[in-house]
There are 2 protein chains.
Amino acid sequence: MSQPLHLDISEQLRQRITAGDYLPGAKLPSERQLIAEFQVSRITVRRAIANLVDQGLAIAHQGKGVFVTERRKAVYTLTSPGLFVAEDLQNQGIALTVKTLIFEQVTPPQSVQQLLQLPSAEPTAYLQKKILLMEQVPGCMDITYVLPEIGELLASALQHQMTFPVLERHNIPIERVEAMIECQNADPELSQQLQVPLGHSLLTYHHTAYTTGDRPVLHGASISRGDRFCYAVSLNHAR
Amino acid sequence: MSQPLHLDISEQLRQRITAGDYLPGAKLPSERQLIAEFQVSRITVRRAIANLVDQGLAIAHQGKGVFVTERRKAVYTLTSPGLFVAEDLQNQGIALTVKTLIFEQVTPPQSVQQLLQLPSAEPTAYLQKKILLMEQVPGCMDITYVLPEIGELLASALQHQMTFPVLERHNIPIERVEAMIECQNADPELSQQLQVPLGHSLLTYHHTAYTTGDRPVLHGASISRGDRFCYAVSLNHAR
DNA sequence: AAGTGGTCTAGACCACTGA
DNA sequence: CAGTGGTCTAGACCACTTC
């Protein structure tokens with residue numbers, strides 16, 4: 001055996017997918033059919049399917065079957081710092097709904113305290129935890145800490161609207177955003193909230209927003225499904 | 001059974017990891033030990049471990065054991081378009097080696113032909129495929145298409161050095177870069193080249209670089225291990 | 001009821017690692 | 001060599017979906 005059987009089988013199936021034998025959205029043969037076709041045990045077929053799922057090529061639905069994944073991604077364009085990334089999607093005609101999970105005053109973790117330059121005596125901030133639904137489907141979980149003064153002022157607005165536009169409307173201009181983009185994998189909570197399998201690839205956009213005078217206003221993380229979103233940036237030479 | 005056994009077990013192990021009972025780099029109990037501890041079959045223990053691996057919390061090494069992953073990431077800072085992302089790492093004191101896999105003239109795919117504005121009559125470009133080793137460990141695969149004139153001119157230099165500095169040195173300034181960052185999962189080739197398990201999360205930086213007069217020069221993708229790298233961006237308000 | 005994928009068992013053999 | 005994880009088998013039962 002030069003190569004594991006399950007890999008051999010998943011590679012054959014992968015080839016059929018990339019060749020277009022099974023189109024996006026189409027159903028793959030059932031486990032029973034694959035057992036018959038490749039003459040192997042069920043556990044090996046299941047492992048082969050797991051390989052495809054891990055590669056993001058297929059998704060299993062209990063009672064229905066295994067389906068080839070759709071491969072289109074929505075683009076968050078990072079442009080002006082005052083434009084919340086999700087706003088960009090609305091311009092693309094994607095229906096956006098905000099579902100607030102948490103909105104309360106908390107003592108943020110050390111790292112956030114420093115970024116927001118909170119007083120060490122009584123370091124509090126408002127924590128918002130929201131799910132962003134795109135076309136009724138959960139696509140992003142947003143966890144944001146905002147300065148307490150701002151949280152109090154805008155409590156009602158912040159719970160049902162995008163954060164950045166609310167700030168701009170209240171004369172808190174966003175001058176600069178420091179951002180960091182990374183990959184992470186779904187833990188049980190994210191897996192449940194975003195309705196993806198445990199370990200699913202996620203794209204995380206960490207951001208700290210500063211208003212006039214380089215004063216930090218908020219710090220947050222937008223965790224999106226990695227199979228459905230990406231970020232676009234344009235870098236221009238300073239002249 | 002409200003929750004699958006394997007999830008129950010992986011959650012208990014996860015808690016021990018986050019609580020610090022098992023520190024990064026430490027070895028988890030062996031499958032045999034876990035079988036004894038939780039009184040379940042081997043397949044269930046293996047599934048529990050697979051859950052941890054999928055979440056990026058652990059990594060298995062045959063013959064050695066399962067180990068808690070190290071969680072530090074190197075940062076690619078996206079600043080001036082003329083600075084190749086990887087250069088940034090050298091400034092951080094990380095040893096960088098380039099291993100060229102492919103360097104040849106090819107007919108690029110349709111999408112690249114358009115981006116590079118190649119003549120439809122005879123659309124050729126140089127394709128470079130490189131592995132970037134950080135501290136002797138493969139961390140990134142770079143696939144770049146460059147205009148044929150440039151490829152010919154710089155053949156020898158391009159094979160062993162970073163692309164952008166070579167261009168700058170030959171008076172081809174990079175004025176603008178259009179970039180896109182996304183998640184993808186390791187297919188068998190990437191899995192082998194980057195020495196990660198099949199399906200491992202990867203961070204991909206697609207980029208098209210333009211020189212004076214908005215003429216495209218090259219288009220490429222830098223595919224990095226998602227568990228070891230991230231991208232930093234700074235967005236400033238235009239004044 | 002029939003078909004699908006999800007969970008779990010007991011057991012065998014193989015491949016790699018390190019003392 | 002003993003200990004580790006990797007592959008594979010046959011078989012059972014469960015949960016969900018569709019008809």
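Numbered from 1 within each chain, the chains take letters A, B, ... in sequence-line order.
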Give a yes/no on whether any side-chain N or O of A:Ser30 is located under 4.0 angstrom from OP1 or OP2 of C:dT4.
yes
On DNA chain D, nearest-nucleotide positions of A:Leu7 versus A:Arg32: which is more 5'?
A:Leu7
Classify the nucleic acid contact of A:Arg47 as base, sugar-phosphate or nothing, counting any heavy atom under 4.0 Å across all strands shown.
sugar-phosphate
Atom CD of B:Gln62 and atom P of D:dT7: how far apart are they, to the nearest Å?
7 Å
Measure from NZ on B:Lys64 to P on C:dA15 and round the result to the nearest Å.
19 Å
Looking at A:Thr44, does any N or O in its side chain come under 4.0 Å of the phosphate oxygens OP1/OP2 on D:dT7?
no
B:Glu135/B:Arg228 salt bridge by N-O under 4.0 Å criterion:
no
Sub-3.5 Å donor-acceptor pair from the side chain of B:Glu37 to the main-chain atoms of B:Gln33, do we have one?
no
Do the side chains of A:Glu189 and A:Lys129 get close enough for a salt bridge, i.e. N-O under 4.0 angstrom?
yes
Below 4.0 angstrom, N of the basic side chain to O of the carboxylate: do A:Glu182 and B:Arg71 qualify?
no
Rounded to whole Å, how long is the line connecting atom NZ of A:Lys27 with atom P of C:dG3?
12 Å
Closest-nucleotide ordering on DNA chain C, the 5'-leading residue of A:Gly63 and B:Ser41
A:Gly63
Between A:His6 and A:Arg42, which residue's closest nucleotide on DNA chain D lies nearer the 5′ terminus?
A:His6
Side-chain atoms of B:Leu5 come closest, of C:dT9, D:dT9, C:dC16, to C:dT9
To the nearest angstrom, the CD-C1' distance between A:Gln3 and C:dA15 comes to 16 Å
If I take atom CD in residue B:Glu31 and atom C1' in nucleotide D:dA2, what distance separates them, rounded to the nearest angstrom?
16 Å
Taking the six-membered ring where the residue is Trp, are the ring centres of A:Phe103 and A:Tyr126 under 6.0 Å apart?
yes
Taking only N and O in the side chain of A:Arg46, is any of them less than 4.0 Å away from OP1 or OP2 of C:dG5?
no
Send over the distance from A:Ile35 CD1 to D:dA12 P, rounded to a whole Å.
14 Å
Using whole Å, report how far CD1 of B:Ile43 lies from P of D:dA10.
14 Å
Can you tell me how far P of C:dC8 sits from CZ of B:Phe38, to the nearest Å?
13 Å
